[in-house]
Amino acid sequence: MIPSAGMNPKQLKQMQRAMKQMGMDMKDVKGVSEVIIKFKNKEVVINNPKVNVMNFMGQDTYQISGKAKERKTEVELVIPDDDVELVATQTGVSSEEAKKILQETNGDLAEAILRLS
């Protein structure tokens with residue numbers, strides 16, 4: 001976020017004073033062993049990261065640096081009972097059959113009803 005590499009200590013202190021005057025406060029976050037960023041079908045994992053937090057006008061911004069690895073995650077589809085009941089009622093099939101079709105259609109109600117009609 002704020003470059004400090006290559007600065008002499010005097011310049012670094014001046015920069016920190018200027019940031020403080022603008023209401024910015026930046027601190028290292030100690031003891032972080034892992035950061036996980038979760039997406040719908042994957043995770044980005046950063047082990048032993050260097051983490052800084054900067055507070056500016058009441059808003060915290062985190063800076064994370066380290067070696068990142070991606071890993072895929074299995075997405076478990078949860079079919080609400082109301083959806084199963086709706087499909088079963090609309091098509092006249094059993095709840096088990098309605099749930100099976102909903103799983104095949106990834107929970108798409110319209111597609112499930114069309115397949116069973």
Please tabulate, one pair per line, all N/O donor-acceptor pairs under 3.5 Å involving side-chain atoms of residues 108-117, not counting sequence neighbours.
| from | atom 1 | to | atom 2 | distance (Å) |
| --- | --- | --- | --- | --- |
| Asp108 | OD1 | Ala110 | N | 3.1 |
| Asp108 | OD1 | Glu111 | N | 3.1 |
| Glu111 | OE2 | Arg115 | NE | 3.2 |
| Ser117 | OG | Ile113 | O | 2.7 |

With a cut-off of 3.5 Å and sequence neighbours excluded, list every side-chain donor-acceptor pair involving residues 71-85.
| from | atom 1 | to | atom 2 | distance (Å) |
| --- | --- | --- | --- | --- |
| Arg71 | NE | Glu43 | OE1 | 2.7 |
| Arg71 | NH2 | Glu43 | OE1 | 2.9 |
| Thr73 | OG1 | Lys42 | N | 3.4 |

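With sequence neighbours excluded, the residues forming a side-chain contact (heavy atoms from CB on, under 4.5 Å) with Lys10 are Asn8, Gln14, listed by chain and number. With sequence neighbours excluded, the residues satisfying side-chain hydrogen bond (donor to acceptor under 3.5 Å, both in side chains) with Asp60 are Asn55. Every residue meeting the side-chain contact (heavy atoms from CB on, under 4.5 Å) condition with Val32, not counting sequence neighbours, appears here in chain and number order: Val29, Val35, Pro49, Val51.
Listed here is the closest heavy atom pair of Ala88 and Ala98: N-CB, 3.8 Å.
Identified under the salt bridge (Lys or Arg N to Asp or Glu O under 4.0 Å) test for residues 87-98, with sequence neighbours left out: none. The salt bridge (Lys or Arg N to Asp or Glu O under 4.0 Å) analysis of residues 22-37, with sequence neighbours excluded, yields the pairs Asp25-Lys27, Asp28-Lys30, Asp28-Lys50.
Annotation: side chain of Ile64 is in contact with side chain of Ile46 (closest heavy-atom distance under 4.5 Å).
Rounding to the nearest 0.5 Å places NZ of Lys100 at 10.0 Å from OG of Ser94.
Tracing side-chain contacts under 4.5 Å through hydrophobic residues (I, L, V, M, F, W, Y), one reaches Met54 starting from Met22; they form part of the same cluster. Under a hydrophobic-cluster definition in which Ile, Leu, Val, Met, Phe, Trp and Tyr are linked whenever side-chain heavy atoms come within less than 4.5 Å, directly or via other members, Met24 and Met57 are assigned to the same cluster. In the hydrophobic cluster analysis, where Ile, Leu, Val, Met, Phe, Trp and Tyr join through side-chain heavy atoms closer than 4.5 angstrom, Val93 is grouped together with Leu102.
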**OP:** Report the C-alpha separation of Gln16 and Met26 in whole Å, then their side-chain angles, then the decisive distance to 0.1 Å, and conclude whether the side chain to side chain contact (heavy atoms under 4.5 Å, CB included) test is met.
**Re:** CA-CA 9 Å; Gln16 288 172 338; Met26 187 172 213; over 6 Å; no

